[in-house]
Visitor: 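This is the structure, below, for whatever I ask next.
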Number of protein chains: 2
Amino acid sequence: MDKQSTKMYLQIVRELRLLIQSENIKPGGKLPSERELVERLKVGRSTVREALRSLELLGLIETKRGEGTFLTDYRNHKLVEILSTFILQDTKTINDVHLTRQTLEKEAIRIVSASPHLMDLPVWESLLIKLDEEGTVQREDIIREILIVSNNRLSLKMWFLLKQYGEEPYQGFTNEDENTYLIQLLQAIKDGEIEQAVEAYNAWTNLLTKGRENV
Amino acid sequence: MDKQSTKMYLQIVRELRLLIQSENIKPGGKLPSERELVERLKVGRSTVREALRSLELLGLIETKRGEGTFLTDYRNHKLVEILSTFILQDTKTINDVHLTRQTLEKEAIRIVSASPHLMDLPVWESLLIKLDEEGTVQREDIIREILIVSNNRLSLKMWFLLKQYGEEPYQGFTNEDENTYLIQLLQAIKDGEIEQAVEAYNAWTNLLTKGRENV
DNA sequence: TTTACAAAGTGGTCTGACCACTCAATGTGA
DNA sequence: TCACATTGAGTGGTCAGACCACTTTGTAAA
């Protein structure tokens, strides 16, 4: 290992990334133990731990005493806590998070309702039925479905992250207007009416944004 | 300090936030030294360092050997960079990268050409003139300008990364058609014609995509 | 006063030592 | 044979102390 210039623990972060790649460690999979990493990378344990702790704070790995260190599914949320206390004090920043998330959502809606193949999927009808029966559906569930169907894994992952960052204590209280927009959105997707779908989405988003301000 | 349940270094992260708040440390300001924190918080130095290294990886603090630890401007957090290396690693589909980048670009175009305030900026005219005089403008320069003006730092950051990651060996060979679309795009922005701008962008993108396939 | 050098302070890394916890192999008793 | 208790190896969590490399500062010499 270089002992110069670049900080060791950053080297190790990089080294770990390569290791994960070359050994094809999947989310949930186990990383080598700290002591093994010490031997393989020829560094001290404290240095290894600094790298691991950093990644843990990012939510990329998870450690369990007595068991080991595991690669997580990025959906983990220490980030939220840390960032919301440090970074997201700035309203401009948090607004960026919301807007960027919405950008991804809108594009997915456009893609889905522009593709005959996708808009014909039975899932939209199912959601409409569920909405009718149960009176409410989690916002997240619908959007997630759209993102998944739009078939861009990268966008989907970014969306997951942004969703967590911008998490608001949104009470799933049922709002009549909200359901109206939801139905409009789903219906427009089914019909392949792109602009109508986006319109419904915007109206819906507006509603939620206002609700947020009131709280 | 609790020695139970919650991990020490997370406690310290929290402790540091309080300390920064109570001592009113501004970005650029100096934090207590590691050894001082050891005394104040009654923990080992390695534990303090684990907390500090985590915050450093997040870009929240900056350390200089021989000098000390400093609070950075929150807006410079490296989060996006770190996460991207992990997210992009197993998302091999380069196509996703391109599409996601284009999503951000399109949204920025929409935002700019939907705002009277932004579409009136002199920069569009300047680009048109430059295009006329020099016969060509870097694709990147125009898009970057649009992204910057659209005023979402997070999107801008993501765009920058995606651009780097999805880098294609695009030869800046001047194409007549390309210039046509560029002019259309800039003109549409100036006129606030959203859909026209997006249309021009799509045509342009198509052209480039085809060019890529030919190579 | 200016310059050169030593000392103190700070982050960077390593080592070795315990502790707390998990898990599986082992052994024991029914 | 089976169910249960025990134990030991492996793992992360924390601490203390030691150097190293570097910067700043104070002091003594020119």
Side-chain angles (χ1 to χ4, degrees), chain A residues 1-16 19-20 23 25-72 76 78 81-82, chain B residues 1-16 19-20 23 25 27-72 76 78 82:
Chain A
M1 295 261 93
D2 295 347
K3 190 157 288 186
Q4 38 249 34
S5 58
T6 44
K7 293 177 188 173
M8 237 16 245
Y9 87 96
L10 285 178
Q11 279 286 355
I12 294 180
V13 167
R14 219 165 300 146
E15 217 62 55
L16 280 172
L19 189 150
I20 288 169
E23 306 205 355
I25 301 176
K26 302 281 184 207
K30 192 167 178 305
L31 270 62
S33 75
E34 296 181 353
R35 287 162 177 92
E36 187 181 340
L37 287 173
V38 166
E39 284 196 0
R40 286 170 63 165
L41 304 179
K42 304 269 190 289
V43 293
R45 191 169 162 219
S46 48
T47 309
V48 167
R49 281 184 60 82
E50 288 182 12
L52 290 176
R53 248 18 73 216
S54 304
L55 294 178
E56 188 183 14
L57 193 69
L58 279 175
L60 292 172
I61 63 174
E62 194 178 0
T63 55
K64 295 175 188 167
R65 175 185 291 189
E67 300 183 51
T69 307
F70 305 86
L71 192 58
T72 67
N76 267 355
K78 292 252 166 51
E81 198 183 321
I82 307 299
Chain B
M1 296 260 93
D2 292 347
K3 190 158 289 187
Q4 35 253 33
S5 59
T6 45
K7 295 178 185 173
M8 229 40 234
Y9 86 96
L10 285 177
Q11 281 285 355
I12 295 180
V13 166
R14 220 164 299 146
E15 217 64 54
L16 279 171
L19 189 150
I20 288 168
E23 304 203 357
I25 301 175
K30 193 166 176 304
L31 270 62
S33 76
E34 295 181 354
R35 289 163 175 90
E36 186 181 341
L37 287 173
V38 165
E39 284 196 0
R40 286 170 63 165
L41 304 180
K42 302 270 187 292
V43 293
R45 192 170 161 217
S46 46
T47 308
V48 167
R49 281 183 61 82
E50 288 182 11
L52 289 176
R53 246 21 72 213
S54 303
L55 293 178
E56 188 183 16
L57 192 68
L58 278 174
L60 294 173
I61 63 173
E62 194 177 0
T63 54
K64 296 176 188 165
R65 177 185 292 194
E67 299 183 50
T69 306
F70 304 86
L71 192 58
T72 67
N76 287 341
K78 297 203 196 78
I82 304 294

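Computed from heavy atoms alone, side chains included, the values below leave out hydrogens, waters and symmetry copies. Naming convention: chains lettered A, B, ... in sequence-line order (proteins, then strands); numbering from 1 in each chain.
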Visitor: Just compare D:dT11, C:dG11, D:dT14 and give me whichever is closest to any side-chain atom of B:M8.
Guide: D:dT14

Visitor: Map A:Y9 and B:G68 onto DNA chain C by nearest heavy atom, then report which one ends up closer to the 5' terminus.
Guide: B:G68

Visitor: Rounded to whole angstrom units, what separation is found between the CG atom of A:L31 and the C1' atom of D:dG10?
Guide: 16 Å

Visitor: Among C:dA20, C:dG11, D:dT24, find the nucleotide with the atom closest to the side chain of A:R65.
Guide: C:dA20

Visitor: Of all the nucleotides listed (D:dT14, C:dC14, D:dA18), which has the minimum atom distance to the side chain of B:E50?
Guide: D:dT14

Visitor: What nucleic acid atoms does A:G66 come within less than 4.0 Å of, heavy atoms only: base, sugar-phosphate, or nothing?
Guide: base

Visitor: Which nucleotide in the list D:dG12, D:dC15, C:dG11 gets nearest to the side chain of B:S33?
Guide: C:dG11

Visitor: Could you check how far CD1 of B:I61 sits from C1' of C:dT10, rounded to whole Å?
Guide: 14 Å

Visitor: When you check the phosphate oxygens OP1 and OP2 of D:dT11, does a side-chain N or O of A:R45 lie under 4.0 Å from one of them?
Guide: no

Visitor: Hey, which of A:R49, A:E56, A:E34 is the one that makes side chain to side chain donor-acceptor pair (under 3.5 Å) with A:T63?
Guide: A:E56

Visitor: Could you check how far CZ of A:R53 sits from P of D:dT11, rounded to whole Å?
Guide: 15 Å

Visitor: What heavy-atom pair brings B:L31 and B:L71 nearest, and what distance separates the two atoms?
Guide: CD1-N, 3.7 Å

Visitor: Tell me, yes or no, whether the heavy-atom count around A:E23 atom CD, taken from other residues, nucleotides or ligands under 6.0 Å, exceeds 12.
Guide: yes

Visitor: Of all the nucleotides listed (C:dG11, D:dT11, C:dC14), which has the minimum atom distance to the side chain of A:R35?
Guide: D:dT11

Visitor: Rounded to the nearest angstrom, tell me the gap between atom CD in B:E34 and atom P in D:dA16.
Guide: 15 Å

Visitor: When you get a sec, tell me which of D:dT14, C:dT13, D:dG12 is the closest nucleotide to the side chain of B:T47?
Guide: D:dT14

Visitor: Ignoring the backbone of A:S46, work out which of C:dC14, D:dG12, C:dG11 is nearest its side chain.
Guide: C:dC14

Visitor: Would you say B:T72's side chain and B:E62's backbone share a donor-acceptor pair under 3.5 angstrom?
Guide: no

Visitor: Within the 4.5 Å heavy-atom criterion, are A:V43 and A:Q11 side-chain neighbours or not?
Guide: no

Visitor: Please give, in whole Å, the distance from D:dG13 C1' to B:I12 CD1?
Guide: 12 Å

Visitor: Just to confirm, is there a sub-4.0 Å distance from OP1 or OP2 of D:dT11 to any side-chain nitrogen or oxygen of A:T69?
Guide: no

Visitor: Of the non-hydrogen atoms in A:Y9 and A:S54, which two are nearest, and what is the gap between them?
Guide: CE1-OG, 3.8 Å

Visitor: Starting from C1' on D:dC15, measure out to CZ on B:R49 and report it in whole angstrom.
Guide: 15 Å

Visitor: Of A:E67 and A:V38, whose nearest nucleotide on DNA chain C comes first from the 5' end?
Guide: A:V38

Visitor: Take atom NZ of B:K30 and atom P of D:dT24, then tell me their distance rounded to the nearest Å.
Guide: 11 Å

Visitor: Side chains of B:L57 and A:L10: closer than 4.5 Å at any heavy-atom pair?
Guide: yes

Visitor: Is there a side-chain contact between A:K7 and the phosphate of C:dG12, meaning an N or O under 4.0 Å from OP1 or OP2?
Guide: yes

Visitor: Which pairs, protein N/O on one side and nucleotides 3-8 of chain C N/O on the other, fall under 3.5 Å?
Guide:
none

Visitor: What is the distance, rounded to the nearest whole Å, between atom NZ of B:K64 and atom C1' of D:dT24?
Guide: 13 Å

Visitor: Can you name the closest pair of heavy atoms from B:L19 and B:R40 and give their distance?
Guide: CD1-NH2, 3.5 Å

